[in-house]
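Everything quoted here is computed from the prediction, not taken from an experiment. Letters A, B, ... mirror the listed sequences (proteins, then strands); counts begin at 1.
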Number of protein chains: 2
Amino acid sequence: MTKKDHILECAEELFAENGYDGTSVRALAQKAGVNIAMISYYFGSKEELFANLVEYRVSVLRERIQGIQKVDASSMEKMERLIDVYVDRIFSQFRFHRILHRQISLQRRSELNELIIQVLMKNVDEVRKLINEGIESGEFRKIDADLLIVTLTGTVSQLTLSSALSSRIMGVETEGCYFKDDQVTDRIKVYMKDLVSQLLLK
Amino acid sequence: MTKKDHILECAEELFAENGYDGTSVRALAQKAGVNIAMISYYFGSKEELFANLVEYRVSVLRERIQGIQKVDASSMEKMERLIDVYVDRIFSQFRFHRILHRQISLQRRSELNELIIQVLMKNVDEVRKLINEGIESGEFRKIDADLLIVTLTGTVSQLTLSSALSSRIMGVETEGCYFKDDQVTDRIKVYMKDLVSQLLLK
DNA sequence: GTTTAATTTAAACGTTTGTTTAATTTTGCC
DNA sequence: GGCAAAATTAAACAAACGTTTAAATTAAAC
């Protein structure tokens, strides 16, 4: 891992903990064990570092979902596979996911936010296609596919973003974080698969 | 409205837009049209102002839900009423809701975060009681009530927090914000009622 | 081994931050 | 009207911010 990547990893951790504005360049340099000038040297500015972090992570975002589409299976089987992939992926990159959604939760419109939304919408379109195919083939009942996507992403986002609250709701102790507890992630997957089958199957 | 309240309203707006760390005391004073020293004069510090804002808003949080419990109705009717109340309430205070969840999405544990979670958990407990009563009476099928709550709050949070994304998903133009569009809120309520009935009824 | 470029450093840059001061104006009360 | 309390002001505070500089060190190339 290059030093540049190391700085990005540290930035990811600090941004997730304290937010973008709450993280100073000095604190980042100290955590990464580099001189403060190295941030400007590598990235130009703090904001460019952030943009770099987004690009650093989103490149793998879409491929997984597209992989599901290609498999020859029923729409419900695809949906279940989607849930496995989605939950695993978000949970394994929960820090980045947290930063991403904290950023777009700011109302101010920036180019960075536009970029983030564009990337996420590509994934949304993939999922919507999957749901609508199920509806058109008659396998699924008619449902507001848009809002179902909001529910699926919203549920997972709630679990990752507000983990301090969610762990209390679920009654699981969160030494470290529950994302890495297989028992908990299984519980979430089982629940979400039950959710989509109840909502989609006739 | 007192001047103090006026400052809190302005703070709510700025915090929702730029985040807590992203909002300077000077910018707040300017928006509120008061001298910068008035913030310290009224609240002591920026952080105390934030705590004051939380208390300013959460006092009405619980009463509405508790009101539903007292009505003599079926569990499903209560759930539907809950959705109406919850969606209306969050949407009417979407700025505050945004600030609240942005705050607890920070991993650092502060007394303020503990306070927020405690308040929110009281509401969670009310809803869980409602669901579990329906299950015990046999009206509802057995379901992971904890995660259903995560889904309900997560869906609404996704709609309010990431409104720029959600509006794109739903395909609604968001001149101003869609929270005030009755047609959209109705669509959301209809969807959520369908969701709970599909998930809870046998 | 010398030279050139890349990397790293300590120090300082000018702003902006949250907060405080001390003087001034406004308000309410007798 | 006079007086004490409350409200408001402009100015300044030290500290922290993101960024830049120019010198020192390391690495690579010939």
- line: Listing for DNA chain D: consecutive Watson-Crick or G-U pair runs of at least 3, distance cutoff 3.5 Å, ranges ordered by first number, gives C:1-26 with D:5-30

query: Do A/F96 and A/F15 make the cut of ring centroids closer than 6.0 angstrom?
result: no

field: Pair A/D194 + B/R141, salt bridge at N-O below 4.0 Å
entry: yes

- prompt: Within a strict 4.5 Å, meaning less than it, do heavy atoms of the A/L161 and B/H101 side chains meet?
  reply: no

Protein-nucleotide distance (A/K4, atom NZ; C/dT7, atom C1'), rounded to Å: 14 Å

Sugar-phosphate only, base, or nothing, as touched by A/F43 at under 4.0 Å among non-hydrogen atoms: nothing

- prompt: Taking protein heavy atoms under 4.0 Å as touching, what does nucleotides 11-26 of chain C look like 5' to 3' if B marks base contact, S marks sugar-phosphate-only contact and - marks none?
  reply: -B----BBBBB-----

field: A/T155 side chain to B/T151 side chain, donor-acceptor N/O pair below 3.5 angstrom
entry: yes

query: Within a strict 4.5 Å, meaning less than it, do heavy atoms of the B/R81 and B/V71 side chains meet?
result: yes

- prompt: Got a salt bridge between B/K122 and B/D125, using NZ or NE/NH1/NH2 to carboxylate O under 4.0 Å?
  reply: no

message: Any carboxylate oxygen within less than 4.0 angstrom of a Lys/Arg side-chain nitrogen, looking at B/D146 and A/R187?
response: yes

- request: Round to a whole Å and report the spacing from NE2 of B/H6 to P of D/dA7.
  value: 16 Å

- prompt: What is the distance, rounded to the nearest whole Å, between atom CE of B/M38 and atom P of D/dA7?
  reply: 7 Å

- request: Please identify each residue that fulfils side chain to side chain contact (heavy atoms under 4.5 Å, CB included) with A/E48, with sequence neighbours left out.
  value: A/S45

